[in-house]
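Below is one structure; the comments refer to it alone.
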Amino acid sequence: MGQLVVLNHPLVHHHLSILRAKETPPALFRQQIERLSMLLAYKVTESLPTADFPIQTPVAPLTTQRLSARIALVPILRAGLGLVDPLLNLLPDAEVWHLGMYRDEATAKPVEYYCKLPDDGATDIAIVLDPMLATGGSTRMAITTLKKWGVQDIRVFSVIAAQPGIDAVRNEFPDVSIFVCTVDPELNSHKFIVPGLGDAGDRIFNTQR
Ligand code: PRP
């Protein structure tokens, strides 16, 4: 059974408050996304496997631990791009594979427009990056693609989620673990997260109109 991990930490509450506020400008919004991603990264990486790695310190030999799995970061374009750098900073050897999806405004269903996963077999662990999980449609489409690609260990990494979206993902994929900074209770009639933070992609890329 996959885990649902929701952060509860003073730093997370503080940085979420700034992230959500309407007047927060794009430059600061991007920084907040990065700060929250680093805090959430601690949890999503907690169970990564390691292997013994012998080194020599300046003083003595020592058997240390290094990450041993092949890890893929899978940002969902566009907004997921804002999560890549903070994760790569901590996982510099990770592969990054992009999935392009937008949510049709009329139906709120995801439409895939880019997928270029290689044929040469899968990765050990895939971390799906998207700051928002609303209905969960985009996340479910990404998980379906990664399962077909052959990934066994899929983890969802999202800053803010709505409870209905979480429920939909967990119902369809009970084996997938979800890591989020916070969960909001509902969606409005336009399928936006309430109270939410607006449209993360537009706020990251300064394309709000
Ligand atoms: C947003 C968000 C997710 C999706 C969440 O993307 O970044 O990808 O919607 O909604 P869902 O859980 O109901 O599928 P959007 O369609 O705004 O595209 P963008 O990232 O290009 O702004």
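Counting starts at 1 for both ligands and their atoms, in listed order.
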Min N/O separation [X] to ligand 1 under 3.5 Å:
X: Tyr113; answer: no
X: Gly136; answer: yes
X: Ile76; answer: no
X: Asp130; answer: yes
X: Ala79; answer: yes

Give the residue, atom name and distance (to 0.1 Å) of the protein heavy atom nearest [atom].
atom: atom 9 (O) of ligand 1; result: Arg103 CD, 4.0 Å
atom: atom 4 (C) of ligand 1; result: Ser138 OG, 3.6 Å
atom: atom 17 (O) of ligand 1; result: Asp199 OD2, 3.3 Å
atom: atom 22 (O) of ligand 1; result: Arg78 NH2, 2.9 Å
atom: atom 13 (O) of ligand 1; result: Thr135 OG1, 2.5 Å

*asked:* Walk me through whether Arg140 and Thr135 qualify under side chain to side chain donor-acceptor pair (under 3.5 Å).
replied: CA-CA 9 Å; Arg140 286 185 288 141; Thr135 66; 5.2 Å; no
_Less than 6.0 angstrom from the centroid, inside 45 degrees of the normal: does Arg103 satisfy that with respect to the ring of Phe192?_
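Yes, Arg103 and Phe192 form such a contact.
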*Check for a donor-acceptor pair, side chain of Trp149 on one end and backbone N or O of Thr123 on the other, with a separation under 3.5 Å.*
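Checking the backbone N and O of Thr123 against the side chain of Trp149, no donor-acceptor pair under 3.5 Å is found.
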So does [X] pair up with [Y], basic N to acidic O under 4.0 Å?
X: Asp184; Y: Arg20; value: yes
X: Arg30; Y: Asp85; value: no
X: Asp175; Y: Arg170; value: no

*asked:* Tell me whether Lys191 at atom NZ has more than 12 heavy atoms from other residues, nucleotides or ligands lying less than 6.0 Å away.
replied: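 For Lys191, atom NZ is not crowded (no more than 12 foreign heavy atoms under 6.0 Å).
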*Would you find more than 12 non-hydrogen atoms of other residues, nucleotides or ligands less than 6.0 Å from Gln152 atom CD?*
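It does not: Gln152 CD has 12 such atoms or fewer within range.
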_Tyr102: numbered ligand 1 atoms lying under 4.0 Å from its heavy atoms_ =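 Going through ligand 1 atom by atom, the ones under 4.0 Å from Tyr102 are 16 (O).
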*Numbering the atoms of ligand 1 from 1, which are under 4.0 Å from a heavy atom of Gly201?*
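Answer for ligand 1: 22 (O).
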*Kindly indicate whether atom 1 (C) of ligand 1 is approached by any protein heavy atom to under 4.0 angstrom.*
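Flag for atom 1 (C) of ligand 1 set to false, no protein heavy atom closer than 4.0 Å.
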*Does the protein put any heavy atom within less than 4.0 Å of atom 6 (O) of ligand 1?*
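When distances to the protein are checked, atom 6 (O) of ligand 1 has no heavy atom within 4.0 Å.
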*Report yes or no: does Thr139 have a heavy atom closer than 4.0 Å to ligand 1?*
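No, Thr139 has no heavy atom closer than 4.0 Å to ligand 1.
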*For ligand 1, is there an atom lying under 4.0 Å from some heavy atom of Met132?*
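Heavy atoms of Met132 do come under 4.0 Å of ligand 1.
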_If you compare all heavy atoms of Leu19 against all heavy atoms of Leu197, which two are closest, and at what distance to 0.1 Å?_
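Looking at all heavy atoms of both residues, the closest pair is CD2-CD2, 3.3 Å.
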*Quickly, which of Gln32, Glu34, His9, Gln31 forms a side-chain hydrogen bond (donor to acceptor under 3.5 Å, both in side chains) with His15? Name it, please.*
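Looking at Gln32, Glu34, His9, Gln31, the match for His15 under the side-chain hydrogen bond (donor to acceptor under 3.5 Å, both in side chains) is Gln32.
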